[in-house]
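A short write-up of the structure that comes next.
We number each residue from 1, following the sequence as shown.
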Amino acid sequence: KIEVLALDDAYVPQKAYQNTRKLIHDSEVFALFQFFGTANTMSALPAVASSQVPFLFPSGGALELYRPTRKQVFAIRLSYFEEMGPLVEY
């Protein structure tokens, strides 16, 4: 059985960080799923990086989300840099 917990960050990066810590430490979640927005995703990253919790499908294009590679981050989109390369060459 999978239970989905959702916390509202009101699109405020500091609140996203606080919610992430709460989910990891208080709720002891198995995984974090589909964070939205570069600023909120990046603010949550330190809490994720210090844990072993998988960070599934974050939505953000900052290169720092992808480099260095983190074993628990599973992103499905490219960084802004990687997205723009083919467009500039076109």
Side-chain angles (χ1 to χ4, degrees):
K1 179 179 175 181
I2 295 175
E3 181 181 353
V4 177
L5 303 176
L7 301 178
D8 185 7
D9 62 21
Y11 210 68
V12 175
Q14 181 61 29
K15 193 161 184 178
Y17 173 77
Q18 293 166 348
N19 285 348
T20 302
R21 287 190 48 81
K22 183 183 293 185
L23 288 167
I24 292 170
H25 298 291
D26 296 346
S27 299
E28 298 180 349
V29 296
F30 167 77
L32 297 166
F33 174 75
Q34 192 61 51
F35 278 48
F36 182 76
T38 297
N40 289 12
T41 300
M42 292 305 299
S43 72
L45 199 54
V48 171
S50 67
S51 75
Q52 296 298 314
V53 175
F55 196 33
L56 306 175
F57 321 127
S59 178
L63 189 58
E64 293 81 6
L65 180 59
Y66 307 94
R67 307 285 187 284
T69 303
R70 293 171 180 86
K71 66 180 182 176
Q72 75 271 36
V73 177
F74 298 89
I76 57 173
R77 69 171 286 182
L78 299 173
S79 70
Y80 295 134
F81 179 78
E82 294 166 320
E83 287 178 341
M84 291 306 296
L87 292 173
V88 169
E89 290 181 18
Y90 180 74

Connected to Tyr90, directly or through other members, by ILVMFWY side-chain contacts below 4.5 Å are none
Besides Leu65, the hydrophobic cluster formed by Ile, Leu, Val, Met, Phe, Trp and Tyr side chains linked at under 4.5 Å, directly or via other members, contains Leu5, Leu7, Leu23, Ile24, Val29, Leu32, Phe35, Met42, Leu45, Val48, Val53, Phe55, Tyr66, Val73
Contacts of Phe33 meeting ring pair (Phe, Tyr, Trp, His ring centres under 6.0 Å) (sequence neighbours excluded), chain-then-number -> Phe57
Residue set satisfying ring pair (Phe, Tyr, Trp, His ring centres under 6.0 Å) with Phe36, at least two apart, ordered chain then number -> none
So the ring-ring contact (aromatic ring centres under 6.0 Å, His included) pairs with at least one residue in residues 1-27 (sequence neighbours excluded) are none
The complete set of salt bridge (Lys or Arg N to Asp or Glu O under 4.0 Å) pairs with one or both residues in residues 51-71, sequence neighbours excluded, reads Arg67-Glu82
Applied to residues 11-36, the salt bridge (Lys or Arg N to Asp or Glu O under 4.0 Å) test, sequence neighbours excluded, yields none
Ala10 meets the side-chain contact (heavy atoms from CB on, under 4.5 Å) criterion, sequence neighbours left out, with Asp8, Val12
By side-chain contact (heavy atoms from CB on, under 4.5 Å), Ala31 pairs with (sequence neighbours left out) Pro54, Leu56
In short, side chain to side chain donor-acceptor pair (under 3.5 Å) pairs touching residues 33-50 with sequence neighbours left out are Asp9-Asn40, Thr38-Tyr80
